[in-house]
Amino acid sequence: MADNKSILITGGAGFIGSNLCEYFLKKEYSVVCLDNFATGHKKNILPFLENKNFKLIEGDIRDRETCKNAVQNIDYVLHQAALGSVPRSIQDPLTTNEVNINGFLNMLVASRDSGVKRFVYAASSSTYGDSDSLPKIEDKIGKPLSPYAITKYVNELYAEIFSTTYGMETIGLRYFNVFGRKQDPKGAYAAVIPKFVMQLMQHESPIINGDGNYSRDFTYIDNVIQMNELAMLTENTKALNTIYNTAFGDRTTLNDLMKYLKLFLSDYDQKISEVNVLYGPNRVGDIPHSLASIEKAKEFLSYSPKYSFQEGLKEAVKWYWENLK
Ligand code: NAD
C-alpha cells in the first residue's frame, strides 16, 4: 500500500515519465504529472486522466511559479522533464540549457522550499563523455562531448550542492539508452530502437550511423522503473545523495540490435527479414561504446534488473506491433 503518498513526476507525459505514472498509479500513489508537451504526448497519459489519484499540470519547468505550485503537498519528486537528444542540443544549445539546467534548478529550489522527502532525477550516461574505460564506473567520468552532456553533469553538481548545503535528499539515476513501450518513434531526434522498429514495420531500410560496431547498454524500461522505486524508497542512508548507473550491465552492437529486431519482428511479418540495412557516417558527439557497471546500485539499492536486453526487446517489439502497426 502506498499510504497515500504523493509523487510529482515531471516530464510525466514523456516516454519514461508516463511509464512511471502508470506504475505508481497502479501502486495507489497520488501522482501529479507536470509537462509542457514539448516532446511528450497526451496519448501517453490519456488513460490516467479519469483516475482520481492522477492530476495533470500543463506547464513549463522554466517557470518558477509553476514549479512552486507543482510541489505543493508532494512527498517525492521524480524529475524526468528535460530536452533529450545529443543532436538536438548541438542544434540548439540555448534551449537545452534553459530547460535542462535552469528548469532543473527551479525544480530543486521549489522542492527544497516545500520540504519534499526526496528528489530523484534523471541523469545520463552521456556524463561519461570521452572516457573510454569500460565498464563505466560512477566516479570515473571524462570530458562532456555535447551541450546535452554538460547539462546532465551540471544537474549532478547542483543536486550534490543541494544535499550538502541544504540537507536535501537527492539521488541521480544515470540512464543508459532506455527503451520500451511508449518511446516516441517519430521526429528528427527519435531514439534508435523505436525509429528502427517503425522503419522495419514499414519495410523501409533503416540507416545505421557508422559500421554498426558501436555498442550500447540498452536498458529496458521496467529496469528503470525499478531503479526509480528503489531510489525513492530506500531507507539506507548510505545510499543517498549520490548517483547510480541505471542499466542492465551488458552491451549490444548496433549490428546485433538490428539482427534481433529483424528476428523478433519476423514473427509478426516474415517479409521484415528481407529488409535491407544501410550504413551512414558516424554522428558527432557519439561515443563508440557504452557499458555500465551496476555494482553500486546492487550494493546500495539492492537493484536486480529483471529484463535482459533481448527479453526487453521482445516486449518492446510486441508493444509496437500491437499499438503502432
Ligand atoms: P521524453 O522526451 O519522452 O520525455 C521528456 C518529457 O519532458 C516530455 O514529456 C517533455 O514534454 C517534457 N518536457 C520537456 N521540456 C519541458 C519543460 N520545459 N517543462 C515541462 N516539461 C518538459 O524523454 P525520455 O526518454 O522519457 O527522457 C526522460 C528523462 O530521462 C530526460 O531527463 C532525459 O534526459 C533522461 N534520459 C533519457 C534517456 C533515454 O535513453 N531515454 C537516457 C538518459 C537520460
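Keep in mind that this is a model prediction, so the values were computed, not measured. Note that the numbering runs from 1 along the sequence shown for the chain. Both ligands and their constituent atoms are indexed starting at 1 by order of listing.
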Which residue supplies the protein heavy atom nearest to [atom], what is that atom called, and how far is it?
{"atom": "atom 26 (O) of ligand 1", "value": "I16 N, 2.8 Å"}
{"atom": "atom 31 (C) of ligand 1", "value": "Q80 O, 3.0 Å"}
{"atom": "atom 1 (P) of ligand 1", "value": "T39 OG1, 3.8 Å"}

Using a strict cut-off of 4.0 Å, indicate which atoms of ligand 1 neighbour a heavy atom of [X].
{"X": "G11", "answer": "6 (C), 7 (O), 9 (O), 12 (C)"}
{"X": "K152", "answer": "31 (C), 32 (O), 33 (C), 34 (O)"}
{"X": "Y175", "answer": "30 (O), 35 (C), 36 (N), 37 (C), 42 (C), 43 (C), 44 (C)"}
{"X": "G59", "answer": "19 (N), 20 (C)"}
{"X": "I61", "answer": "17 (C), 18 (N), 19 (N), 20 (C)"}
{"X": "F37", "answer": "11 (O)"}
{"X": "A81", "answer": "7 (O), 21 (N), 22 (C)"}

Practice item. Using the six-membered ring wherever Trp is involved, compare the ring planes of Y244 and F300 and label them parallel, tilted or perpendicular (cut-offs 30° and 60°). Key: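 Plane angle between 30° and 60°, so tilted.
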
Check your understanding: What orientation do F119 and F104 show, parallel under 30°, tilted 30 to 60°, or perpendicular over 60°?
Key ->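 Aromatic pair F119/F104 classed perpendicular.
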
Check your understanding: Hey, is E98 close enough to R62 for a salt bridge, meaning N to O under 4.0 Å?
Key ->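 Yes, charged N to carboxylate O under 4.0 Å.
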
Review point. Is any NZ, NE, NH1 or NH2 atom of the basic residue among K306 and E311 found under 4.0 Å from an Asp or Glu carboxylate oxygen of the other?
Key: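 Result for this pair is no, no salt bridge flagged.
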
Check your understanding: Where on V99 is there a heavy atom closer than 4.0 Å to ligand 1, on the side chain, on the backbone, on both, or on neither?
Key ->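 Within the 4.0 Å criterion, V99 contacts ligand 1 through side-chain atoms alone.
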
Exercise for review: Would you mind telling me if ligand 1 is within reach of the side chain of A123, the backbone, both or neither, using heavy atoms under 4.0 Å?
Suggested key: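 It is the backbone that gets close, since no side chain atom is under 4.0 Å.
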
Check your understanding: Can you tell me if CD on Q91 sees more than 12 non-hydrogen neighbours from other groups inside 6.0 Å?
Key ->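 Not more than 12 within 6.0 Å, no.
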
Check your understanding: So with a 6.0 Å cut-off around OH of Y76, is the heavy-atom count from everything else above 12?
Key ->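 For Y76, atom OH is crowded (more than 12 foreign heavy atoms under 6.0 Å).
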
Check your understanding: Can you tell me how far the OG atom of S18 sits from the NZ atom of K43, to the nearest 0.5 Å?
Key ->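 One gets 9.5 Å once the value is rounded to the nearest 0.5 Å.
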
Check your understanding: atom 40 (O) of ligand 1: protein heavy atom closer than 4.0 Å?
Key ->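 Yes; the ligand atom in question has protein heavy-atom contact below 4.0 Å.
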
Check your understanding: Can G103 be said to touch ligand 1, with heavy atoms closer than 4.0 Å?
Key ->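 In this structure, G103 fails to qualify as a contact of ligand 1 - no heavy atom is under 4.0 Å.
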
Without placing hydrogens or testing angles, list every side-chain donor-acceptor pair under 3.5 Å for residues 49-56, not counting sequence neighbours.
{"unit_1": "N51", "atom_1": "OD1", "unit_2": "N53", "atom_2": "N", "d": "2.8"}

Point to revise | CA sep, side-chain torsions, deciding dist, call: F218, Y307, ring-ring contact (aromatic ring centres under 6.0 Å, His included) | key: CA-CA 11 Å; F218 293 109; Y307 286 83; over 10 Å; no

